[in-house]
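Here is the structure we will look at.
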Amino acid sequence: MQRVLTANQMREAEKAAQEQHGMPSGLLMENAGRALAEAARSVSGPSGRFTVLCGPGNNGGDGLVAARFLLEGGCRVVVSLVGDTGKLTAEAKRNLQALEGFGESPRAFEALPEAGPGDVVVDALFGTGLKRAPEGVFADAIGTVARWRRAGAKVVAADVPSGLQSDTAEPFSPCVEADVTVAFGFVKPAHELEPGASLCGDVRRVDIGLGGESTRAVSGAELFRVEEKDAREAIPKRRADSHKGTYGHVLVVAGSPGKTGAAAMVALAALRSGAGLVTVATRAEALPWVMAHSPEIMGVALPGEGPLGKGDLEALKAALEGKDALVMGPGIPRGPETGALIGDLLASVEVPAVLDADALNAVAEDLKVLREAKGPVVLTPHPGEMARLWGRTTKDVQAHRVGVALNLATSLNCTVVLKGSRTLIAEAGGRVFINPTGNAGMATGGTGDVLSGVCGSLLAQGIPLPKAAWTAVYAHGLAGDLMAEQRGLMGLIATDLLVGLGHVWTRWQR
Ligand SMILES: NC(=O)C1=CN([C@@H]2O[C@H](COP(=O)(O)OP(=O)(O)OC[C@H]3O[C@@H](n4cnc5c(N)ncnc54)[C@H](O)[C@@H]3O)[C@@H](O)[C@H]2O)[C@@H](O)CC1
Ligand SMILES: [K+]
């Protein structure tokens, strides 16, 4: 896992590195600037020029160090200090003197030469200390960076593209769009969450001497980025002497006429993710259609007809006997009693449960029904479903994804998977995991059903929450990434993910 730090937490880590480990702050800046120079050189043309734009804070100081290393490396470099040079931090001032010692003095911004193909612009205007929208000379400088980039220059941002808010990943207007962003010490939410992530280009995290131990000193929310290694290590080994009972039995409550494919996709995803057995419980009229998708799927008909309600409780409890996980929601017939039924069911069984789609819409009517749940519960809303659960608009959800996911998880004492680009997995009262896999090709019907099936399958195999959730989300996204290479973003459909999962498990075989 990679730790993701807010601006405040970065300051705490820096302080700890200085006070507890004796790292001089000048050395941190030196390391940051050197790495920045290396990144800039890696994208320059053979005779390209480097234009380094420095702001008044320590981000500008990093730029001054980078300029010095570039000069020392024999590169053509022009430097400009944008804004009031009287406000330079002490560390930046020292580096300005050192730069001048190397024979280069900053030029007025207006006097800078144009940049184009082969050239590199180093954006060291603002980093984690950005406080408000850039105006005046700063806005002009950011506008010029955009013009140079359109002309073919590469833009390398120091720590965070200037104008992008480090903690929220929301850009001010204007904001630098970078080709490469060099993240100092730790990645920040701006690098990992949208829309910031798309403005950063290729994010390269570099060690600057803060040390992993420095995170012990940070307070507040614990954000992590899931790495492939984490997900790979989480999946269970298949032992030679095992049998189908070893890998759990998933009960899928899903499907209705016109939506039998949803149930089939959940069931197949669970089977393709290692579950020993999968049974679908659905209304009698839908069951043959679900089972016809694949002979491995077993079925139980729920007596009665129409929306799921309290009358279905006993049949569902019976169906859950001997099962190791429950997935409920995709394509279910929903009515006024469905939320209460889900509440009663979860209050009477201990199996881990995944609630998705219309099960979420049903419980959104009265979230209290989830409070009595005996076993661990994971909710997998997309932003629209989350808006219903939270009682706000989808736009509000998207603007506060981390906080919303964490609050819901904490208030309901469950795991919340908030889907979308960079899906978040929030644990009650604790950590939030950011998933880096997946792509826009997965914005197509049925991919959510596949995810709930993978998650239910891993739960049935005994992986606890929230690990089962972040592993499922990572694998599902990677399956989409691998299949997008064959189908294209436009051609990818949900059942392709069932094939893609096979590629993921092969790649992760231990
Ligand atoms: N935390 C760490 O461990 C390290 C941080 N370093 C660098 O330090 C940066 C943070 O430095 P600072 O806290 O000095 O912050 P910044 O350099 O990001 O910017 C702060 C300065 O910009 C001004 N400012 C903020 N928003 C403005 C706006 N919209 N218009 C005009 N002026 C504005 C502030 O008044 C202040 O002078 C990091 O992003 C990183 O680049 C590195 O030097 C190495 C170590
Ligand atoms: K920057």
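The basis for the numbers below is simple: all heavy atoms, side chains too, and nothing from hydrogens, waters or symmetry mates. We count ligands from 1, going down the list as the structure has it; atoms in each ligand are counted the same way.
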Cut-off 3.5 Å, side chains only: do S25 and E14 have a donor facing an acceptor?
no
Decide whether N58 and T89 meet the rule of one side-chain donor and one side-chain acceptor closer than 3.5 Å.
yes
Which atom pairs, one a donor and one an acceptor, fall under 3.5 Å between side chains of residues 34-44 and the rest of the protein, sequence neighbours left out?
residue, atom, partner, partner atom, Å
S42, OG, A39, O, 2.7
S42, OG, R204, NH1, 2.8
S44, OG, R41, O, 3.2

Got a sec: is F126 within less than 3.4 Å of the K ion (ligand 2) via an N/O/S atom?
yes
Under 3.4 Å: N/O/S of G127 next to the K ion (ligand 2):
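No, G127 does not qualify, because none of its backbone or side-chain N, O or S atoms lies under 3.4 Å.
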Can you list every protein residue that has a heavy atom under 4.0 Å from any atom of ligand 1, sorted by chain and residue number?
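Contacting ligand 1 under 4.0 Å are M10, E14, L28, M29, P56, G57, N58, N59, D62, F126, G127, T128, G129, L130, K131, R132, A133, P134, F138, D159, F184, I208, L210.
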Given side-chain hydrogen bond (donor to acceptor under 3.5 Å, both in side chains), test T6 with D167 step by step and report yes or no.
CA-CA 5 Å; T6 62; D167 290 357; 4.5 Å; no
State which residues pass ring pair (Phe, Tyr, Trp, His ring centres under 6.0 Å) with F69; sequence neighbours excluded, sorted by chain then number.
none
To the K ion (ligand 2), the closest N, O or S atom belonging to D123 is O
Do L408 and V404 have side-chain heavy atoms sitting under 4.5 Å apart?
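L408 does not reach V404 side chain to side chain.
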Only to 10 degrees, please: what angle do the OG atom of S162 and the O atom of V160 make about the K ion (ligand 2)?
100°
Side-chain atoms of residues 171-179: list all donor-acceptor pairs with protein atoms under 3.5 Å, sequence neighbours left out, distances to 0.1 Å.
residue, atom, partner, partner atom, Å
D179, OD1, R149, NE, 3.3
D179, OD1, R149, NH2, 3.0
D179, OD2, R149, NE, 3.2
D179, OD2, V155, N, 2.7

Does the pair R431/E427 count as a salt bridge with the N-to-O cut at 4.0 Å?
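A salt bridge is present here (some side-chain N lies under 4.0 Å from a carboxylate O).
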